There are 2 protein chains.
Amino acid sequence: MSEEKPRKRRGAGRVTLNTVARQAEVSAITVSRYFNQPEQVSPERRERIAAVVAELGYVPNLVAGGLASARGKIVGMVIPNISGPIFANTIQGFSDTLSRHGYQLLLASSYFSAEQEESAVRAFLGWSPAALVLTSHFHSAATEKMIAEADIPVIETWDYQPEREPLQIGFSHIEVGVAAARYLHGKGYRRIAFVQNSAPGDFSALERRDGYLATLRELGLKPRVFAPDADRPPFEAGKQAMEALMNASPRPDAIIFANDNLAAGGLLAGQRAGIKIPEDCAVLGFGDYPFAEMLLPSLSTIKPPALEIGVLAAKRVLESLGVLAVENEVQRLNLLECRVIEREST
Amino acid sequence: MSEEKPRKRRGAGRVTLNTVARQAEVSAITVSRYFNQPEQVSPERRERIAAVVAELGYVPNLVAGGLASARGKIVGMVIPNISGPIFANTIQGFSDTLSRHGYQLLLASSYFSAEQEESAVRAFLGWSPAALVLTSHFHSAATEKMIAEADIPVIETWDYQPEREPLQIGFSHIEVGVAAARYLHGKGYRRIAFVQNSAPGDFSALERRDGYLATLRELGLKPRVFAPDADRPPFEAGKQAMEALMNASPRPDAIIFANDNLAAGGLLAGQRAGIKIPEDCAVLGFGDYPFAEMLLPSLSTIKPPALEIGVLAAKRVLESLGVLAVENEVQRLNLLECRVIEREST
DNA sequence: TTGTATGCGTTATCAC
DNA sequence: GTGATAACGCATACAA
């Protein structure tokens with residue numbers, strides 16, 4: 001009796017490729033081809049297989065496939081924090097684009113910590129992912145080594161460093177700092193301060209500061225940087241900064257915050273202290289978080305291409321896997337634009 | 001020469017368990033135990049193995065392990081949308097708790113579509129995940145069938161339906177509707193309206209509405225439900241609702257919005273139209289999105305336990321896998337609380 | 001505590 | 001276009 005299923009140790013009675021093959025009266029490899037290169041299977045058998053697959057509710061075991069091919073249909077992504085209002089869009093765009101092509105997203109967060117990133121990358125590599133997507137170009141030495149040896153596409157997002165080897169999708173944080181300073185200068189502000197992020201590992205924010213510093217010097221203005229206490233929650237950090245700067249002399253007439261959370265904290269603190277925004281002091285953020293347009297006054301900010309980064313990263317991954325046709329020529333660098341969103345606070 | 005590596009077809013020259021075993025002069029299974037049950041390996045060999053692992057930079061192949069054990073250290077999660085301000089916290093809590101115990105997160109979004117959820121579940125099952133986490137109890141028949149046959153823990157989050165079999169972690173949306181109506185009634189409002197979500201698949205929001213309806217009838221008040229156009233972006237849907245309701249007669253003196261995005265849209269539209277909030281009309285949201293406290297007037301809302309849901313879901317998963325000790329007795333239901341956050345808009 | 005034999009479900013290789 | 005066979009790298013079962 002071919003019905004007699006031998007008692008297996010583990011996946012007892014599970015429907016496998018062989019079950020389907022037997023029932024459709026073809027070989028296992030033909031069923032495999034039915035899923036991976038359907039055009040190589042004759043239409044007649046295709047139908048037979050399709051019927052059996054539907055009847056048995058067969059789901060291909062991607063783990064076995066991954067082991068056999070040493071390349072799983074899975075892509076690892078490490079992001080500083082999942083719930084952050086900007087990165088969430090990147091994840092969304094990335095995940096959706098991937099899954100539309102049969103790839104799955106393996107996700108972990110690093111909280112701006114190189115160690116956490118390293119352990120995430122290590123864990124991901126154990127799944128022999130088809131590709132890896134990281135954030136920024138700041139990694140531990142061990143991470144650098146792993147990705148160099150992994151022999152899979154690695155993409156760095158939210159950053160742009162021409163001299164680096166990995167494919168990059170993002171923008172220059174230094175240029176954002178430059179653009180912020182120039183924009184405020186163009187509006188007539190002259191005592192422009194910069195408030196750093198309170199998260200210690202956010203090196204990209206420091207690059208924005210550096211762009212600001214260089215630009216102010218270039219313009220012959222005196223830069224003024226305020227650093228909130230490390231690890232202070234962003235709203236409070238913004239408040240702390242605003243209070244400190246408003247009591248300083250000379251008092252700034254415009255403040256660039258490292259991100260919108262800080263800016264919102266600063267904005268509210270300023271209003272509470274009776275400071276008119278933007279008349280007494282302009283406020284500029286970064287991120288264009290959803291609430292930016294809902295504040296009173298609404299928050300001027302610099303909008304990073306968060307969703308585009310995710311979508312483009314997925315496209316580049318799929319391209320380098322041969323799943324998607326390559327757009328134009330192969331581009332090693334993918335520089336996107338940040339836009340200044342002018343609202344009421346400047 | 002034992003150095004002579006035979007040319008392999010696929011993972012040519014890759015460092016495997018056997019490479020480590022040979023170099024450490026132990027058997028492969030001992031190295032396997034070193035990773036999975038270290039306490040069963042003698043300290044002396046542990047050291048030897050550790051040294052070789054570090055030297056070779058060996059990373060266990062989780063794909064092979066998953067195939068052999070028919071249970072990967074991976075957990076699938078389907079969430080309506082990743083970038084939504086509330087679900088993001090659930091993902092964050094879930095992912096972090098999992099990864100702290102060596103499990104990885106496989107993530108997909110459904111956009112409130114049962115079909116997309118189904119295809120995500122199907123793809124996940126191919127990875128033989130250790131567990132599956134879904135949102136709400138609304139699934140397609142095929143999904144129900146798959147999770148019933150999968151023989152792995154399945155947890156439903158953001159919901160609570162006592163009669164259902166799967167483990168649930170969440171709260172009763174009906175009760176949220178009840179609480180919202182009772183709260184406003186308690187504050188003296190009598191013409192209380194409800195604005196539905198514009199996303200058609202958000203059935204949980206409809207349950208909140210049902211709770212509202214039941215309560216208003218119970219209180220002897222006349223309910224009034226407004227449904228914005230389907231798929232209209234939330235801010236605009238809120239605006240549409242507010243404008244429609246303010247021109248209605250009798251005009252409501254309080255509005256419950258299906259979520260904070262709608263509420264924010266309504267709030268701004270109301271102010272623009274010269275309506276004083278909460279004097280002319282109170283506004284209550286749901287979600288406690290980050291911007292809620294930053295609006296002017298700040299938005300009263302109902303705060304769901306987003307982060308806790310994620311953390312608790314991960315804990316329950318790990319418990320049922322035997323990774324974590326079970327808290328107290330095994331609980332099939334995990335009912336969490338939503339709190340009314342009273343701010344200026346009510 | 002440690003080791004041997006075997007199989008997990010698929011795909012690469014090569015032959016037809 | 002189709003199939004037989006041998007890996008892929010690890011963990012289970014059982015023995016020592």
Side-chain angles (χ1 to χ4, degrees), chain A residues 5-22 24-49 53 56 58-74 102 125-128 130 151, chain B residues 5-22 24-49 53 56 58-74 102 125-128 130 151:
Chain A
K5 279 176 195 150
R7 194 162 262 283
K8 296 295 172 59
R9 297 180 308 168
R10 311 175 247 218
R14 177 173 182 157
V15 178
T16 75
L17 202 60
N18 278 299
T19 324
V20 176
R22 236 171 304 155
E25 297 179 313
V26 297
S27 74
I29 191 65
T30 303
V31 180
S32 171
R33 287 198 184 103
Y34 165 79
F35 282 104
N36 300 313
Q37 300 111 19
E39 69 283 357
Q40 289 188 24
V41 178
S42 66
E44 180 233 350
R45 298 192 179 204
R46 229 152 33 192
E47 264 183 48
R48 279 220 311 271
I49 295 173
V53 165
L56 267 46
Y58 168 67
V59 177
N61 185 328
L62 301 175
V63 178
L67 178 58
S69 68
R71 192 117 310 171
K73 292 193 141 201
I74 199 169
L125 287 180
W127 286 101
S128 56
D151 193 34
Chain B
K5 277 177 197 149
R7 195 162 260 283
K8 295 295 173 58
R9 297 178 308 165
R10 310 176 248 220
R14 178 171 181 158
V15 178
T16 76
L17 203 59
N18 276 299
T19 323
V20 176
R22 237 171 303 154
E25 298 179 310
V26 297
S27 75
I29 189 65
T30 303
V31 180
S32 171
R33 288 198 185 103
Y34 165 79
F35 282 104
N36 300 313
Q37 299 112 19
E39 68 284 356
Q40 288 188 25
V41 178
S42 66
E44 180 234 351
R45 296 188 181 209
R46 234 162 17 201
E47 265 183 46
R48 279 218 313 271
I49 296 173
V53 165
L56 267 46
Y58 168 68
V59 178
N61 185 329
L62 301 174
V63 179
L67 179 57
S69 68
R71 192 117 309 172
K73 293 194 138 200
I74 200 169
L125 287 179
W127 285 101
S128 58
D151 192 34

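The sequence lines fix the lettering, A, B, ..., with proteins before strands; numbering per chain opens at 1. Here the structure is a predicted model, which is why all the values come from computation and not from measurement.
Across all non-hydrogen atoms, the minimal contact from A/Gly66 to A/Ser128 is O-OG, 4.4 Å. Nearest heavy-atom pair across A/Val63 and A/Asn61 is N-OD1, 2.8 Å. What you find for B/Asn18 and B/Ala28 is that their closest heavy atoms are OD1-CB, 3.6 Å.
Within the 4.0 Å cut-off from OP1 or OP2 of D/dG3, at least one side-chain nitrogen or oxygen of A/Ser27 is found. Side-chain N/O atoms of B/Arg45 include one lying less than 4.0 angstrom from OP1 or OP2 on C/dT2.
Taken to the nearest 0.5 Å, the CG atom of B/Leu125 stands 10.0 Å off from the CG atom of A/Leu62.
The distance from atom CG of B/Leu67 to atom C1' of D/dA11 is 10 Å, rounded to the nearest whole Å. Taking atom CZ of residue A/Arg71 and atom C1' of nucleotide D/dG9, one finds them 15 Å apart after rounding to whole Å. The distance between atom CD of B/Glu44 and atom P of C/dT2, rounded to the nearest whole Å, is 8 Å. Atoms CZ (A/Arg22) and P (D/dT2) sit 20 Å apart, rounded to a whole Å. A straight line from CG of B/Leu17 to P of D/dC10 spans 5 Å, rounded to a whole angstrom. Look at CG on A/Leu125: it is 16 Å from C1' on D/dG9, rounded to the nearest Å.
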Please table the atom pairs, donor to acceptor, closer than 3.5 Å between any side-chain atom in residues 33-46 of chain B and protein atoms at least two apart or in another chain.
from    : atom 1 : to      : atom 2 : distance (Å)
B/Asn36 : ND2    : B/Ser32 : O      : 3.1
B/Glu44 : OE2    : B/Arg48 : NH1    : 2.9
B/Arg46 : NH1    : B/Pro38 : O      : 2.6
B/Arg46 : NH1    : B/Val41 : O      : 3.4

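Closest to the side chain of A/Ser69, out of C/dA12, D/dC8, D/dC10, is C/dA12. Considering only the side chain of A/Ala68, C/dT10 comes nearest among D/dC10, C/dG3, C/dT10. When distances run from any side-chain atom of A/Asn61 to the nucleotides C/dT10, D/dC10, C/dT4, the shortest one goes to C/dT10.
If A/Glu25 and B/Val59 are placed on DNA chain D by their nearest nucleotide, the residue sitting closer to the 5' end is A/Glu25.
Counting only heavy atoms from C-beta outward, the side chains of B/Ile74 and A/Ile74 approach each other to under 4.5 Å. With contacts defined as side-chain heavy-atom distances shorter than 4.5 Å, the pair B/Ile49/B/Thr30 qualifies.
Residues from residues 29-43 of chain A lying near DNA chain D, meaning a heavy-atom separation below 4.0 Å, are A/Ile29, A/Thr30, A/Arg33, A/Gln40, A/Val41, A/Ser42 in numerical order.
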